[in-house]
2 protein chains.
Amino acid sequence: MDNTEPEQPIARSRPITARELARRLGVSQSAISRAFTPGTSISPAMRQRILRGAEEFDYHPNAIASMLSTRRSNIAGIVVSEMQNPFYPTLIEKLSRELQREGLQSLMFNITRGSNIEEQLVALRKYNVDAVVVISATVLSGASLRWATEGRAAVLVNRTIPDLPLTSVSCDNVEGSRAIADHFHAIGRRNVAFVGGLPHTTTNLERQNAFISRVAELGMTLTHAVSGGEYSYEAGYRAAMEIGRSRNVDAVFFANDILAIGGFDAFRDGLGLRIPEDIAIAGFDDIAMSRWPRYSLTTFRQPVDAIIEKTIQLINEQLAPGRYLPTQHALSGDLLIRRSSVGDLASETIGPFRT
Amino acid sequence: MDNTEPEQPIARSRPITARELARRLGVSQSAISRAFTPGTSISPAMRQRILRGAEEFDYHPNAIASMLSTRRSNIAGIVVSEMQNPFYPTLIEKLSRELQREGLQSLMFNITRGSNIEEQLVALRKYNVDAVVVISATVLSGASLRWATEGRAAVLVNRTIPDLPLTSVSCDNVEGSRAIADHFHAIGRRNVAFVGGLPHTTTNLERQNAFISRVAELGMTLTHAVSGGEYSYEAGYRAAMEIGRSRNVDAVFFANDILAIGGFDAFRDGLGLRIPEDIAIAGFDDIAMSRWPRYSLTTFRQPVDAIIEKTIQLINEQLAPGRYLPTQHALSGDLLIRRSSVGDLASETIGPFRT
DNA sequence: TTGAAAGCGATACCAT
DNA sequence: ATGGTATCGCTTTCAA
């Protein structure tokens, strides 16, 4: 510690303030504020002068102070839980980019085992986020959610809460799961199974119910309906090892891709089954891995871009002055037929990286 | 619009403030502040009373206002770029959880193509983040980094900048890459290749140089040193297809796991090679996929927990009053020998999920 | 220990 | 179009 400094405090040179800039430029502090606020009444000359001055003195408006006066934080809280499912990092990255485009920075709240949920939600409110996007959170109860989102724009992505008036955007799980069932039927499979992921989640329940009821409608036999317990490769692997031993099943729908990929490896490497000859496989999401030639997984693609676009739009609506009504949106996706269900797909045998 | 309300403005019931709570409880506003600040001089009785009152009237301190007074935001900016590399979502999730434990919320800044980097950095400063963690960012120049981190705690993770006095924490890339080379040598391979990822990144350069020079020291032949151009499955696949055709190579070190996994599929499915008999493969990182039985990838494990712990510690040091000197830290990892290099590993043939 | 009052750095309303 | 000033909600001296 070389405390050779004189009386003068070290004064870790604070950034310059609007007041100070105003003083140096000989204008009012209000002028500074206007220069940085689009759509205010200020002469181009004045604005020019101030912006130039700001450049010179390295002035940047203090967002914190501005938040305090405007009561707008320009921050969106993203509540996240399943980061180990590859679908979500992708979604979150895109979402956060689009939010940025709308002038909202993303504050992340990880809700996972190991983190204190209560504390997280308190933080969410303390930071005064303008908007909350809850992404397929498992653990949050309806009551917590209501509390966390109260009084601010909020959108649930890929999850809904019964009896809670919250806006939500999802992939149409029913459409997708029925499409898978239809596809299994179309390729001549009659003994099908379902492998679930995280129990009690919207995605899981909807996919399971829609699939099973469509299977019944089509007159197919449901040989198994098991739960992996979580959305993971390992869970899919284990479930498949179980199902695959009883040789009476010829098609399996996994509630998402990462489960399906685990199942794929179990069937093929673990049990020596041929895919799709012995057993056809389908997943849900269309994560990058499902396009890998090794797997070439038939799946139902979530319309990620549309989901994000809709989310942004709904946030903007809620942020705008005036009333709004919570609405639920289920967006259409696409069935992607790949080799895990139809081995001889011509378009698939050409190159390794076709959709 | 049912504007049936009387004179009284609609007043979207703002949250209650400290002043108001103080009024209702008949205490001073300062007392409220003290009650919520650990280590302040306030009687237990008073604190009790206030906390109970806060409960009753649903008072929560406004973090924004507090930031303005303290000039502490309790926010850490996390600058991120390679979210498609599975290593990073995991790292980020853990990091953000640990930061939370230290009372720092994570504000994400995605620096990717498609995002306006300049704007991002400006935001980083405007939000007055207390700390910045830059995670293997590619695109940021030294000058930008200096500007973005100036005057606040900053740690670079898995990246260093020559000639820039910034604190950094990395996996020891040199140690790891040499260990891979040693391992190849130990299992009798003599014609080895290197496949790089993102050019000009610290991780890539260090791994490449260390590997190549160790290969030379050991008297092995370097048959190829190619760049995939990015860290991705596809890049690894393509590079492997190229290398694999010339049949004079018996071991390949990929600069990270996701590259290696792409390479694995290319060698095995694309070219029909046997792994490891025909060609041994190693990666770097130890992402979850490398443990999948399908791949069972030999790799060098990054000490994620240690990296995070060190990062947190360094941030705390910098946040504490007083001087600090930027330091560089390279943390030791572990070589994990799996079936992609040693096919008959006894410990590996038992169950599907061994390390 | 407690309360009063002066900031923190912007915004926004009001005159001019 | 510009400047003056109250205000946002909290922290932090300073007295009492």
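In the text below, chain A, chain B and the rest are named by the order of the sequence lines, each starting its count at 1.
The side chain of R34(A) sits closest to dG3(D) out of dG3(D), dG3(C), dT11(D). Of the candidates dG9(C), dT11(C), dT1(C), dG9(C) carries the atom nearest the L68(A) side chain, counting heavy atoms from C-beta on. Minimum atom distance to the side chain of S30(A) is reached by dG3(D), of the listed dG3(C), dG3(D), dT11(D). Of the candidates dT2(D), dC8(D), dG9(C), the closest approach to any side-chain atom of R71(B) belongs to dG9(C).
Following rounding to the nearest Å, I16(A) (CD1) and dA10(C) (C1') show an atom-to-atom distance of 14 Å. As rounded to whole Å, 12 Å separates atom P of dC8(D) from atom CD of E20(B). Rounded to an integer number of Å, the gap from CG of N62(A) to P of dC8(D) is 18 Å. Rounding to whole angstrom units, CZ of residue R49(B) and C1' of dT2(C) are separated by 12 Å. Atom pair I50(A):CD1 and dA1(D):P shows a separation of 14 Å (rounding to whole Å applied). Going from atom CZ of R72(A) over to atom P of dG9(D) covers 17 Å, rounded to whole Å. With rounding to whole Å, R19(B) atom CZ is found 11 Å from dA4(C) atom P. To the nearest angstrom, C1' of dG9(C) lies 14 Å from NZ of K126(B).
For dA4(C), the base has no donor-acceptor partner in the side chain of Q29(B) [N/O atoms by modelled type, under 3.5 angstrom].
Between E98(B) and R101(B), at least one side-chain N (NZ, or NE/NH1/NH2) sits under 4.0 Å from a carboxylate O, which counts as a salt bridge. Taking a cutoff of 4.0 Å between a charged side-chain nitrogen and a carboxylate oxygen, R52(A) and E55(A) do not qualify as a salt bridge. Using a cutoff of 4.0 Å between basic side-chain nitrogens and carboxylate oxygens, E56(B) and R24(B) are not scored as salt-bridged.
A close approach under 4.0 Å does not occur between any side-chain nitrogen or oxygen of S66(B) and OP1 or OP2 of dC10(D). Put simply, T70(A) has no side-chain N or O that comes within less than 4.0 Å of OP1 or OP2 on dA10(C). The shortest distance between the side-chain N/O atoms of T17(A) and the OP1/OP2 oxygens of dC8(C) is not below 4.0 Å.
At the heavy-atom level, Y59(A) lies under 4.0 Å from the strands shown only through sugar-phosphate atoms. Across all strands shown, M67(B) has no heavy atoms under 4.0 Å from either base or sugar-phosphate atoms. Residue contacts shown for S33(B) include a base, since a base heavy atom lies under 4.0 Å away.
Mapping S41(B) and S69(B) onto DNA chain C by nearest heavy atom places S41(B) at the nucleotide closer to the 5' end.
Taking the six-membered ring where the residue is Trp, the centroids of Y127(A) and F109(A) are separated by 6.0 Å or more.
Taking CZ from R71(B) and CG from D130(B), the interatomic distance works out to 12.0 Å, rounded to the nearest 0.5 Å.
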